[in-house]
> 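Below you will find the structure I want to go over with you.
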There are 2 protein chains.
Amino acid sequence: MQITQYTDYALRVLIYLGACPERRVTIKEVAETFDISRSHVMKIVNQLVSLGFVEGTRGKGGGLRLNRAPAAIGVGEVVRLMEPGFDLVDCFRAESGCLLSSGCRLKGALHTALQAFLAALDEVTLADLIVNQPRLRNMLGVIALNPSP
Amino acid sequence: MQITQYTDYALRVLIYLGACPERRVTIKEVAETFDISRSHVMKIVNQLVSLGFVEGTRGKGGGLRLNRAPAAIGVGEVVRLMEPGFDLVDCFRAESGCLLSSGCRLKGALHTALQAFLAALDEVTLADLIVNQPRLRNMLGVIALNPSP
DNA sequence: CACGAAGATGCATTTTAAGTGTATCTTTTA
DNA sequence: TAAAAGATACACTTAAAATGCATCTTCGTG
Ligand code: SF4
Ligand code: SF4
């Protein structure tokens with residue numbers, strides 16, 4: 001049982017942006033900081049932009065910025081939208097082959113558990129993740145406020 | 001986000017055994033009923049036996065039987081033991097490369113959510129899954145009580 | 001005792017989804 | 001107009017899960 005890096009990286013991007021609200025951050029910078037494939041971050045950012053979490057501007061001096069207040073970005077919301085699927089088991093997906101799928105109580109139990117999981121994440125917002133901004137910046141080795149002359 | 005078939009199949013085996021408490025069930029029978037690889041069921045059953053959930057007897061007339069009362073088999077317990085890992089994200093595993101892992105609040109939130117997930121499954125036992133035994137047997141197309149003459 | 005039915009064990013192969021790499025296009029500012 | 005950035009599209013690689021196959025062990029039956 002695991003969450004895709006895709007989703008975790010999305011949250012890392014949001015955390016990074018939340019830690020640097022005063023400037024635009026480039027995809028390259030994020031990818032290098034976390035040592036991730038640039039392509040992967042690309043895809044993630046594209047989705048974050050199309051979902052309205054992030055604003056991306058092209059061209060020289062461009063980059064990424066949060067498009068919502070951190071307190072208005074729920075972790076549960078992000079996970080729900082970014083994670084490719086929550087088909088915990090066969091029967092969650094249409095055309096399941098499982099003989100039991102019609103009346104299986106396990107199915108219901110797993111569904112309930114999944115809701116509990118997401119509900120727990122709904123209690124947390126991006127703002128909760130970026131308290132102590134100075135420490136975050138330090139961990140990330142973030143560059144000075146004004147990138148380069 | 002998904003659970004391995006390994007774990008779900010383990011629960012299917014337990015449900016099957018719970019539905020046929022009066023006789024021994026063979027691995028072949030389970031594999032064919034659910035249309036799963038026999039090897040896979042083998043591995044699963046082996047672990048279920050070594051964990052004490054199931055009793056396996058070899059030789060002619062052998063097969064599988066539950067080794068505990070259904071009400072004493074918690075779904076959460078089974079999932080915890082059978083699922084290969086609960087390393088939701090990078091940092092859950094030792095030697096994580098994530099820069100944030102030292103003080104990341106997301107990590108804590110995910111951990112809490114995972115606990116909520118498992119706690120929900122702890123509310124359910126195998127006995128809850130096999131109420132309405134006749135219907136279960138019907139769905140499984142289970143053979144008559146005495147296998148063959 | 002020998003045979004066949006069952007589980008136990010081990011290893012090699014296949015499959016699939018996740019992640020990575022590369023190329024090209026578009027936008028924007030210096 | 002050139003360089004810096006994101007956007008888009010496609011091909012490739014990787015790793016874990018699942019499957020297949022072969023062999024061994026155990027045990028009941030005739
Ligand atoms: S056993 Fe129950 S939970 Fe598992 S796949 Fe079949 S219907 Fe779904
Ligand atoms: S971002 Fe937080 S949760 Fe995700 S891997 Fe890094 S430390 Fe763990």
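Each chain gets a letter, A, B and so on, in the order its sequence line appears, and its residues count up from 1.
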> Return the minimal non-hydrogen interatomic distance between A/Ala120 and B/Ala113, and the atom names on each side.
CB-CA, 3.6 Å
> Could you check how far CD of B/Gln2 sits from P of C/dA17, rounded to whole Å?
8 Å
> Round to a whole Å and report the spacing from CD of B/Glu32 to P of C/dA6.
11 Å
> Applying the side-chain contact (heavy atoms from CB on, under 4.5 Å) test to A/Phe53, which of A/Asn67, A/Leu66, A/Leu81, A/Leu17 qualifies?
A/Leu81
> Send over the distance from A/Asn46 CG to C/dT26 C1', rounded to a whole Å.
13 Å
> Run the side-chain contact (heavy atoms from CB on, under 4.5 Å) test against A/Ser37 and tell me which residues pass, sequence neighbours left out.
A/Ser39, A/His40
> Between A/Leu64 and A/Gly56, what is the shortest heavy-atom contact and its length?
CD2-CA, 4.1 Å
> Which pairs with one or both residues in residues 115-133 of chain B pass salt bridge (charged side-chain N to carboxylate O under 4.0 Å, His left out), sequence neighbours excluded?
B/Arg80-B/Asp122
> Could you state the CE-P distance from A/Met1 to C/dA17, rounded to the nearest angstrom?
19 Å
> Does A/Gly63 or B/Thr7 map to a spot on DNA chain D nearer the 5' end, using the closest nucleotide for each?
A/Gly63
> Rounded to the Å, how far apart are B/Arg24 CZ and C/dA5 C1'?
13 Å
> Using the side chain to side chain contact (heavy atoms under 4.5 Å, CB included) rule, take B/Arg105 and A/Val131 through it: C-alpha gap first, then chi angles, then the decisive distance, then the call.
CA-CA 9 Å; B/Arg105 306 234 169 181; A/Val131 293; 3.4 Å; yes
> Starting at CG of B/Leu88, measure out to OG1 of A/Thr4 and round the result to the nearest 0.5 Å.
11.0 Å
> Scan residues 36-45 of chain A against DNA chain C and write down, sorted by residue number, each residue with any heavy atom closer than 4.0 Å; if none is found, say none.
A/Ile36, A/Ser37, A/Ser39, A/His40, A/Lys43
> What is the first contacted nucleotide of DNA chain D and what is the last, in 5' to 3' order, if contact means an atom lying under 4.0 angstrom from a heavy atom of chain A?
D/dA4 to D/dT8
> Can you check salt bridge (Lys or Arg N to Asp or Glu O under 4.0 Å) on B/Glu77 and B/Arg68, steps first, answer last?
CA-CA 13 Å; B/Glu77 187 187 2; B/Arg68 291 206 217 166; 3.1 Å; yes
> What parts of residues 77-87 of chain A reach DNA chain D, counting only heavy atoms under 4.0 Å away?
none
> Roughly how far, to the nearest 0.5 Å, is the CG atom of B/Asp90 from the CZ atom of A/Phe34?
11.0 Å
> Considering all heavy atoms of both residues, which atom of B/Ser102 and which atom of A/Met139 are nearest to each other, and what is their separation?
OG-SD, 3.1 Å
> Residues of residues 53-62 of chain A with any non-hydrogen atom less than 4.0 angstrom from an atom of DNA chain C: list those, numerically ordered, please.
A/Arg58, A/Gly59, A/Lys60
> If only side-chain N and O atoms count, and only distance matters, is there a donor-acceptor pair under 3.5 Å linking A/Gln47 with A/Tyr6?
yes
> Indicate yes or no: does B/Arg65 engage B/Glu22 in a salt bridge with an N to O separation below 4.0 Å.
no
> Between B/Glu29 and B/Tyr16, is any side-chain donor less than 3.5 angstrom from a side-chain acceptor?
yes
